[in-house]
There are 2 protein chains.
Amino acid sequence: MEATFTSEDARNRAALIARAMADPKRLCVLEQLAGGERSVSDLSHDVGCQVPNMSQHLSVLRSAGLVRSRRDGTTVFYRLVDDRVLDAYRALQLVAG
Amino acid sequence: MEATFTSEDARNRAALIARAMADPKRLCVLEQLAGGERSVSDLSHDVGCQVPNMSQHLSVLRSAGLVRSRRDGTTVFYRLVDDRVLDAYRALQLVAG
DNA sequence: TCACAAGTTGCGCAATCACGCAATGATAGG
DNA sequence: CCTATCATTGCGTGATTGCGCAACTTGTGA
């Protein structure tokens with residue numbers, strides 16, 4: 001029996017979060033969303049990539065549970081799901097020095 | 001001029017940290033190292049992978065600046081570089097719920 | 001020098017990833 | 001309906017990743 005501090009499942013979940021944050025453009029999205037809701041096309045413009053690409057990045061973030069979406073007419077607004085997302089991002093920045 | 005909260009370079013560095021932590025086995029290594037220095041073969045046993053594979057994982061962690069190594073005879077001991085590494089890991093776990 | 005043990009590095013493979021592009025939904029207005 | 005807009009999905013591609021295996025390097029001691 002190996003000395004395991006947290007369950008393997010907990011590690012897998014944490015790794016999924018890290019994977020979702022392992023891309024500069026997705027981190028840029030999180031920064032934009034720190035200022036409040038934004039539409040896909042707004043994010044696409046701010047981050048500097050095409051709309052389909054942004055939609056996929058947002059899908060990754062949503063699958064990881066970092067953001068949620070809300071539809072208003074033809075526009076879909078994304079927002080951070082929780083302040084802990086920013087806490088994690090800041091913790092990464094501290095390690096990055 | 002886009003609203004950029006942090007420089008692109010800061011995002012790239014944070015993304016590198018996240019990528020280094022985006023693997024369950026590497027997170028397991030960090031947990032083991034939280035208890036102090038450990039050799040490559042010890043980590044290999046505890047995490048449950050082959051030594052060459054562990055060496056590569058450690059190389060990833062070292063390139064990201066999360067761990068350092070020390071040589072004693074033929075044995076190489078790895079340790080966490082800083083407590084902020086564990087802080088970041090805990091922050092990820094909080095998001096993971 | 002020889003043998004052995006501990007790590008590292010190189011190689012090939014299957015899987016995943018980020019991206020560009022085209023096609024397909026969904027919604028509002030005329 | 002028709003059309004325009006906003007967004008998602010599907011496909012192909014080049015790049016990266018994690019792994020197993022073999023070969024090599026490094027350090028120790030007889």
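The figures that follow rest on heavy atoms only: side chains count, while hydrogens, waters and symmetry mates do not. Just so it is clear: chains get the letters A, B, ... in the order the sequence lines come, proteins before strands, and each one is counted from 1. As the structure is a prediction and not an experimental result, all values here were calculated from the model.
- Side chain of S39(A) to main chain of F77(A): no donor-acceptor pair is present (N/O by atom type, distance under 3.5 Å, no hydrogens or angles).
- A heavy atom lying under 4.0 Å from DNA chain C marks the following residues of residues 49-58 of chain A, by number: Q50(A), P52(A), N53(A), Q56(A), H57(A).
- At whole-Å resolution of the value, CZ in R26(A) and C1' in dC19(C) are 12 Å apart.
- D42(A) has its CG atom 10 Å from the P atom of dC6(D), to the nearest Å.
- We find that CG of L61(A) is positioned 13 Å from P of dC17(C), with the value rounded to whole Å.
- Looking only at side-chain heavy atoms (C-beta outward), I17(A) and Q93(B) stay at 4.5 Å or farther from each other.
- Using a 4.0 Å heavy-atom distance criterion, R62(A) is classed as making no nucleic acid contact.
- Side chains of R26(A) and M21(A) form no contact here, defined as non-hydrogen atoms less than 4.5 Å apart.
- Hydrophobic clustering of Ile, Leu, Val, Met, Phe, Trp and Tyr side chains at less than 4.5 Å, counting indirect connections, unites L27(B) with L58(B).
- Listed candidates were dC17(C), dG7(C), dA7(D). Nearest to the side chain of R19(A) is dC17(C).
- Remark: S59(A) is not in phosphate contact with dT8(D), judged by side-chain N or O atoms under 4.0 Å from OP1 or OP2.
- Annotation: side-chain hydrogen bond (donor to acceptor under 3.5 Å, both in side chains) contacts of D9(B) (sequence neighbours excluded): R13(B).
- Look at NZ on K25(A): it is 13 Å from C1' on dC17(C), rounded to the nearest Å.
- Summarising the geometry, the separation between CG on D23(A) and C1' on dA15(D) is reported as 13 Å, rounded to the nearest angstrom.
- By the 4.0 Å N-to-carboxylate-O rule, R84(B) lies too far from D87(B) to be salt-bridged with it.
- We find that CZ of R71(A) is positioned 7 Å from C1' of dT27(C), with the value rounded to whole Å.
- Taking the side chain of Y78(A) as heavy atoms from C-beta on, and the options dT28(D), dT8(D), dT8(C), the nearest nucleotide is dT8(D).
- The side chain of S41(B) contributes no N or O atom lying less than 4.0 Å from OP1 or OP2 of dA5(C).
- We find that R19(B) and D23(A) are not joined by a salt bridge, their nearest charged nitrogen and carboxylate oxygen being 4.0 Å or further apart.
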